[in-house]
Amino acid sequence: MNSRFISAALASVVAVAAASASAEVKPADVVWEDEIAIPASLTGVPGDPAKGAEVLSSRSLGNCVACHVVSAMPDVAFQGNVGPALDGVGARWSEAELRGIVADAKRAFPESRMPTFYEGDPAAFIRPGDAYTAKAYNPETFSTLLTAQQIEDVVAYLVTLTEY
Amino acid sequence: MKTFTLSKLMASAAICAVALTGAANADPHPDAELIIEGELQLTTRAEAPAHLDGVLPGIYSGWLFRTDETRALQMDDFDNPAMLAVEDGEAMWSTADGAAGQSCADCHGDASESMKGVRASMPKVNENGDLWSMEDYVNNCRTTRMEADAWGWNSGDMRNMTSYISMQSRGMPVNVAIDGPAAPFWERGKEMYYTRYGQLELSCANCHEDSWGLMIRADHLSQGQINGFPTYRLKNAGMVSIHNRFRGCIRDTRAESFAMGSQEFRELELYVASRGNGLSVEGVSVRQ
């Protein structure tokens, strides 16, 4: 491999990274439809349903199963029932609606107990903390609960849940 | 649009309800009775106090939401691990400490008489108009009468002493005053109870009023009553104070919590205690 090839390759990597960074829609710039749906992808990169399943079930990521039963995940122990079962959500809601519910369920259901996963502004919360430390948030590290791509991954998984 | 989205949700909720009937652990135990040593029957279910009219159908001790094994531990004082804290507190009761060379017993005599009913009415407004928790009264005696150092709010000594004092009210109904001078504190505590703290934006009410009986991951949500405190938590292998429990629940919303012993937590304590008016003081309880 000659050095010109490497630098060309690097340049294209940088270009791709820059493109995906600029394509990422920040929480404040999200375009909503009917206060429930987000028609456009937040990243422009197709979601990966396998990664989405991981986000859904993992305690340190979405931990969606804390509140939702997902029958398609029989190996995930201790699924909670504070929210409705997610079985069939892919049939009940469009992809755009699912993106909206996961990003900010309170748009459609103002009283919902479901957390807002795509809001990174600490001013939007009352006494926001530094994760689960009980301490005040750190302005350097405070971020949305899920990244834009994780939301795309979750949505890609949810659309597969078409059976009740 | 709203009706359309809601009807979809109602459909899912209906499905969900069908799936849930018969689920284990879905509600407080329907008929378990908390009888200590086969003798002392405690009230674990009661009518909701008037200020909760229409909010809760009835009030339930956290004991009813625990497993058979955990409930059994509290029915036998020999098995109840919290009794060790009570014993340590009892020993301390008559041990002199501080420059004045006095013990609690020197002023208060027999705790089974002088401390009876204290837990049931805490927290309460003192003669200076401040809202005080049991810990405040204990530290006031230590610093002004015994001339000893104040104990940390969550120190082992403090938890042992509040365990011993609470035991003297075991079986008495919780009966905190919420009117008169207590009213403004109670109002502020109530406001806190409904405030959606942290990045998860969850209030006490979201979990303990809207969702009691449901599962949040592996946890069976109770009404978050404090009639059982101090409580021996199996998970912590130790006694947990009321304010420590509050601190943990607010931390779990990804919030900056409040300090144990803060004015905010005293006010919240008064409000939460009042939601349990009518349940028995359990003295010391056992929880998961």
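All heavy atoms count here, side chains included; hydrogens, waters and symmetry mates do not.
Ranked by non-hydrogen atom pairs under 4.5 Å with chain B, the options A:Val69, A:Asp130, A:Val65 are led by A:Val65. Annotation: maximal heavy-atom pairing with chain B below 4.5 Å, among A:Asn63, A:Leu86, A:Asp87, occurs at A:Asn63.
The neighbour count for B:Tyr194 OH, taken as heavy atoms of other residues, nucleotides or ligands under 6.0 Å away, is above 12. Around atom CD of B:Glu191, no more than 12 heavy atoms belonging to other residues, nucleotides or ligands sit under 6.0 Å away. The number of heavy atoms from other shown groups lying within 6.0 Å of CD (B:Glu47) does not exceed 12. More than 12 heavy atoms of other residues, nucleotides or ligands sit less than 6.0 Å from atom NZ of A:Lys106.
For the residue pair B:Arg251/A:Thr133, the side-chain donor-acceptor check at 3.5 Å is not satisfied.
Here the closest non-hydrogen pair linking A:Phe125 and B:Gly198 is CD2-O, 3.7 Å. The minimum heavy-atom distance linking B:Leu214 with A:Val82 is given by the pair CD1-CA, 3.9 Å. Counting all heavy atoms, side chain and backbone alike, A:Tyr132 lies closest to B:Asp252 at CE2-O, 3.5 Å.
Contacts of B:Ser203 with chain A are absent, with no heavy-atom separation under 4.5 Å from either backbone or side chain. For B:Ile216, the parts lying under 4.5 angstrom from a heavy atom of chain A are both the backbone and the side chain. Of the two parts of A:Ser71, neither the backbone nor the side chain holds a non-hydrogen atom closer than 4.5 Å to a non-hydrogen atom of chain B. Only the side chain of A:Val76 comes within contact range of chain B, with heavy atoms under 4.5 Å apart. The contact between B:Asp210 and chain A is made by backbone and side chain atoms together, counting heavy-atom distances below 4.5 Å. Using a 4.5 Å cut-off between heavy atoms, A:Phe142 contacts chain B through its side chain alone, with no backbone atom that close.
The existence of a salt bridge linking A:Arg113 and B:Glu201 is excluded, since no basic side-chain nitrogen approaches an acidic carboxylate oxygen closer than 4.0 Å.
Because its NZ or CZ atom is both nearer than 6.0 Å to the ring centre of B:Phe258 and within 45° of the ring axis, A:Arg127 counts as a cation-pi partner of that residue.
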Query raised in the report: Hey, mind stepping through B:Leu200 and A:Thr116 against side chain to side chain contact (heavy atoms under 4.5 Å, CB included) and telling me if it holds?
Result: CA-CA 7 Å; B:Leu200 301 185; A:Thr116 298; over 6 Å; no
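Distance alone, capped at 3.5 Å, is enough to place a donor-acceptor pair between the A:Asn81 side chain and the B:Met215 backbone.
Annotation: side chain to side chain contact (heavy atoms under 4.5 Å, CB included) contacts of B:Ala150 (sequence neighbours excluded): B:Asn139, B:Thr143.
Between B:Gln199 atom CD and A:Ser143 atom OG the span is 6.5 Å, to the nearest 0.5 Å.
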